[in-house]
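Values below: every heavy atom of this structure, side chains too, minus hydrogens, waters and symmetry copies. Numbers for residues simply follow the sequence, beginning at 1. Since the model is a prediction, treat every value here as computed from it, not as a measurement.
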Amino acid sequence: MTFDVEFRDFTFGYEGRNTPALSNINLRIPRGQTVAIMGPAGAGKSTLLRCLNGFIPHFFRGTRTGQVLVNDLNTKDYDIPFLSHRVGLLFDDPTSQLLAPNVADEIAFGMENYGIPREQMVEAVRENVSAFRLSGMEHRNPHTLSGGQQQACALAAIMAMAPQILALDEPTSRLDPIGTRSVYSIVESIAEKKTRTILLADNKVEELVGFVDRIVVLNEGRVLRDGKPRDVLKDVDLIFKAGIRPPQVTELFSKIAEKMGRQFDDLPITLDEARERMLKLIERARTRSDYAHQSLKSYATEEVAVEAKDLWHVYPGITRGFEVTALKNINFKIRHGEFTAILGQNGSGKTTLVKHFNALLRPTKGSIFVYGRDTKKTLTAELAGLVGHVFQNPDHQIFARTVLKELEFGPTNLKVPPEEIKKRIPDALRAVDLPEDILDLVPLDLSTAQKQRVNIASVLMTHPRLLVVDEPTTGQDPQMRRELMAMMQRLNRDRNMTTVVITHDMNLAAEYCERCIVLRQGEILLDGTPREVFSQPQLLSTTFLSPPQVTLLSQQLKEEGFPQDVLSVDELVDFVVSQLGGR
C-alpha cells in the first residue's frame, strides 16, 4: 500500500514552550484516504498539518524527534516551496495567506509561481470562482470581503493548484451552514475519486461523518482515538471529554437510551439514519397534549437600545459602478436587555450592520439610534462608553504589550479614575473566566480563545450598556463555544446588558438567544424568536442557513406528531421519552 503521509514516532515542541505540541505521533495515511483531525483547541491539530508542507521545521522552530514523510520524502530534507507543490495547506486564519490585489489574481497566484500555462489558469480561476460562490467578486480586493468570503477565496486558491495532498485547517470556520456544506460537497467530490489524500482539521462532525474515511482524535498532542467515524463516535462520553460535540442525532439517541435505561446496538451518525431509527423506535407515536417547551427567560425592558429607521449603507467603489450596497431599508428595534442573534449568509451585511451601532460606519440613507442618540450626529468616541464592540478577528483589537495594559486602555481613554480602573480588573476577568495571573502575559501570544476573552474583558472594563460580539466562536472547539455563549448569557442576565451576537452556529443561536434577526442580501428576511425563525427551514435556505440538526429531524417527522420548533437535543429527548413512556 502507498502512503502519502507518515508520522513515525514524531514529537515536536515549539521554541520557548515547555510542553510539546505533538507527542509520539504514529500515523500512516494511504493515498486517497480522507481523514478528519479532531480535538479541542490546543490539541495539536494545526501543528500536525504544518508538518506536511515543511512549515515545521523550516519556519516554526523548535525541538523535534522522529520523522514526517510526504510521498516518501522526509520533510526536513526539502524546503517549503518544494513541498507546497505537493501539499496545499489552508491556514486557520485565511487573511494571513491572501496576497493579491483582487480575487481572480489571488486564485491565479500560486499557479503563476509554478508556471502553469495561461489558458489552464484562466479556466481554473473560472471554475473555482463559481464553485466557491465568488462570482461577481473577481475584481474585489480579498481584504474587502467578508470573513467567510475570504475563507472561500483562500480555499479556492489552494484548490486551483490541484495538489496531491490537501491539508485544510478549519476550512469552514467562517462560513455559513450551507456555505460549509457547499465547500464540503466539493471536498467530498474530490474524496470520492480516491486520487488525492485529504486531511481536515475540523470539529464539524455533522458535516464530515458522511464522507470521511477516518477520524483521528487528538488531545494534548497525543492520538486519543483513530478509526472509522462510527467506531470513534459511539463512545459519546469520551468524545465530549475530548472537547468534541458529536452529531446532535448521535447525542440524541445516546441520551434517550440513558433516560430509558435501554441500550442501542448502534447509534445513528447522520440525519437520514436518525429518521429511520426514530420511526422504528416510536412506532408512529402521536403528540400528547400535555407536552410543552420551556422558554428562555427574557431580561428585556421597554427601553429601546437600538433603533434602525430605513437604514441603507453603500460602500463606495474606486470607480462608478463598483459600489456595493450592503444594507437596504433596515427597520427594527432592539430593547434594552435583549439577547439577539444576527444571522445570515456570508456577505449578507451582518458586520456592516453592527458597525453602525458605535458609528464605525454611518448610514448612507436613513438613521440608526443607540439609546436615543442619532449616530450620524454622535462621535464614535462618545458611543464608546455605551457600546462595547468585539471584532470577528481578535488580533485586530489587540495592541498593548500586556493583558493588564489592554484592559486599562479603554477606561483610561474614557477618563475613568485610576483607582476605579484597578477595582474593575478582577471583576472583568471573573466575568470571562480568566485567571489574574494572565495580566502580565503578552496578549498576542495567547490562544485564539483566550484572545477573544481578553477582548470581551477589555470592553467590559468600560461598563457598556450594549455588548456586540462578532463571530465569537471562530477558532474555538465545541465545548469552548458553549462556555462562551453561556458566559454572554450570564452577562446579559447578571449585568442587565443588551447583548447582540453575530454567529454562524445555528445550534448556539437556537439554545442561547431569545431573538434572531436574519439578513439576506442586506435586507431583513426574518425577525422573531428562534422557534419562529427555525420553524421556516425553506425560507431560511434562501439565505444559505439551516436549522439545527435535531430541529430538521423533528420537522421531517411532522406527520408522526413531532413538534416543528424543537431547538435542542434535550427538548427532543424529553418529547420522545414522553411518547415512549415505559416502552
Side-chain angles (χ1 to χ4, degrees), residues 143-144 146 301 303-317 323-338 340 342 349-400 405-418 420-421 424-425 428 443 454-472 491 495-502 517 519 522:
H143 291 280
T144 67
S146 70
T301 67
E303 182 181 13
V304 177
V306 182
E307 181 176 8
K309 294 182 178 181
D310 303 321
L311 174 66
W312 288 67
H313 189 83
V314 178
Y315 288 105
E323 297 92 351
V324 176
T325 301
L327 297 175
K328 308 171 189 175
N329 197 34
I330 300 291
N331 290 276
F332 64 79
K333 290 181 181 179
I334 295 175
R335 294 178 299 156
H336 178 70
E338 275 192 308
T340 302
I342 309 291
K350 304 184 298 296
T351 297
T352 298
L353 176 60
V354 299
K355 282 183 176 179
H356 284 77
F357 293 3
N358 62 349
L360 287 175
L361 293 176
R362 299 183 190 273
T364 304
K365 290 193 296 184
S367 303
I368 191 157
F369 296 86
V370 176
Y371 289 102
R373 293 165 175 82
D374 186 343
T375 61
K376 285 192 293 189
K377 303 175 182 177
T378 309
L379 295 175
T380 302
E382 294 178 51
L383 292 169
L386 275 177
V387 183
H389 190 146
V390 181
F391 298 163
Q392 181 175 357
N393 187 333
D395 289 344
H396 292 172
Q397 203 163 350
I398 288 174
F399 49 86
K405 294 297 182 184
E406 195 71 44
L407 298 185
E408 291 175 337
F409 181 83
T412 298
N413 281 274
L414 292 174
K415 309 301 183 185
V416 177
E420 173 62 22
I421 294 176
R424 293 183 184 185
I425 290 172
V454 167
N455 284 344
I456 295 175
S458 69
V459 301
L460 293 179
M461 288 287 293
T462 65
H463 285 190
R465 299 191 71 195
L466 168 63
L467 177 65
V468 179
V469 188
D470 192 349
E471 290 289 357
L491 292 172
R495 299 189 178 213
N496 191 27
M497 184 180 293
T498 309
T499 307
V500 175
V501 58
I502 293 175
I517 297 175
L519 298 182

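- Side chain of N331 to main chain of D310: a donor-acceptor pair is present (N/O by atom type, distance under 3.5 Å, no hydrogens or angles).
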- Task: Would you please test F391 and I398 for side-chain contact (heavy atoms from CB on, under 4.5 Å) and show each step?
- Result: CA-CA 10 Å; F391 298 163; I398 288 174; over 6 Å; no
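- Looking at E406, its side chain does come within 3.5 Å of a backbone N or O of A400 through a donor-acceptor pair.
- Considering CD1 of I330 and CH2 of W312, their distance stands at 9.5 Å, rounded to 0.5 Å.
- Put simply, the side chain of P464 does not reach to within 4.5 Å of the side chain of L386, judged on heavy atoms.
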- Message: Test salt bridge (Lys or Arg N to Asp or Glu O under 4.0 Å) on E338 and K333; report intermediate values, then the result.
- Response: CA-CA 10 Å; E338 275 192 308; K333 290 181 181 179; over 6 Å; no
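- Looking only at side-chain heavy atoms (C-beta outward), V500 and V469 stay at 4.5 Å or farther from each other.
- Checking side-chain atoms of E420 against main-chain N and O of P417 turns up no donor-acceptor pair under 3.5 Å.
- Here the side chain of R362 pairs a donor or acceptor atom with the backbone of T375 at under 3.5 angstrom.
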- Hey, mind stepping through V324 and V314 against side-chain contact (heavy atoms from CB on, under 4.5 Å) and telling me if it holds? CA-CA 6 Å; V324 176; V314 178; over 6 Å; no
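- For the atom pair CG (L467) and CZ (R495), the distance works out to 10.0 Å, reported to the nearest 0.5 Å.
- No side-chain heavy atom of H313 sits less than 4.5 Å from a side-chain heavy atom of P363.
- I368 contributes atom CD1, which lies 5.0 Å from atom CZ of F332 (distance to the nearest 0.5 angstrom).
- Using a 4.5 Å heavy-atom cutoff, the side chains of R465 and E303 are in contact.
- The closest side-chain heavy-atom distance from I456 to L460 is below 4.5 Å.
- Counting only distance, with no hydrogens or angles, the side chain of H396 and the backbone of Q392 share no donor-acceptor pair below 3.5 Å.
- Counting heavy atoms from C-beta outward, V390 and P472 have side chains that stay 4.5 Å or more apart.
- Remark: K376 NZ is packed, more than 12 non-hydrogen atoms of other residues, nucleotides or ligands lying under 6.0 Å away.
- Distance CD1/I342 to CD1/I517: 4.0 Å, rounded to 0.5 Å.
- Distance check: N329 CG to K309 NZ gives 13.5 Å after rounding to the nearest 0.5 Å.
- Minimum heavy-atom separation, A359 to T378: CB-O, 4.0 Å.
- Between F357 and V306 there is a side-chain heavy-atom pair separated by less than 4.5 Å.
- A salt bridge between R373 and E307 is absent, with no side-chain N of the basic residue lying under 4.0 Å from a carboxylate O of the acidic one.
- Smallest separation of non-hydrogen atoms from L414 and A381: CD2-O, 4.3 Å.
- To the nearest 0.5 angstrom, I334 atom CD1 is 4.5 Å from T340 atom OG1.
- Contact between A428 and M461 at its shortest, heavy atoms only, is CB-SD, 3.8 Å.
- Side chain of T352 to main chain of A326: no donor-acceptor pair is present (N/O by atom type, distance under 3.5 Å, no hydrogens or angles).
- Defined by atom type and a distance below 3.5 Å, a donor-acceptor pair is present between the side-chain atoms of T498 and H336.
- With hydrogens and angles left out, the side-chain atoms of D470 and H389 include no donor and acceptor closer than 3.5 Å.
- For the residue pair T364/Y315, the side-chain donor-acceptor check at 3.5 Å is not satisfied.
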- With side-chain contact (heavy atoms from CB on, under 4.5 Å) as the test, would you mind laying out the steps for L311 and K365 before giving the verdict? CA-CA 6 Å; L311 174 66; K365 290 193 296 184; over 6 Å; no
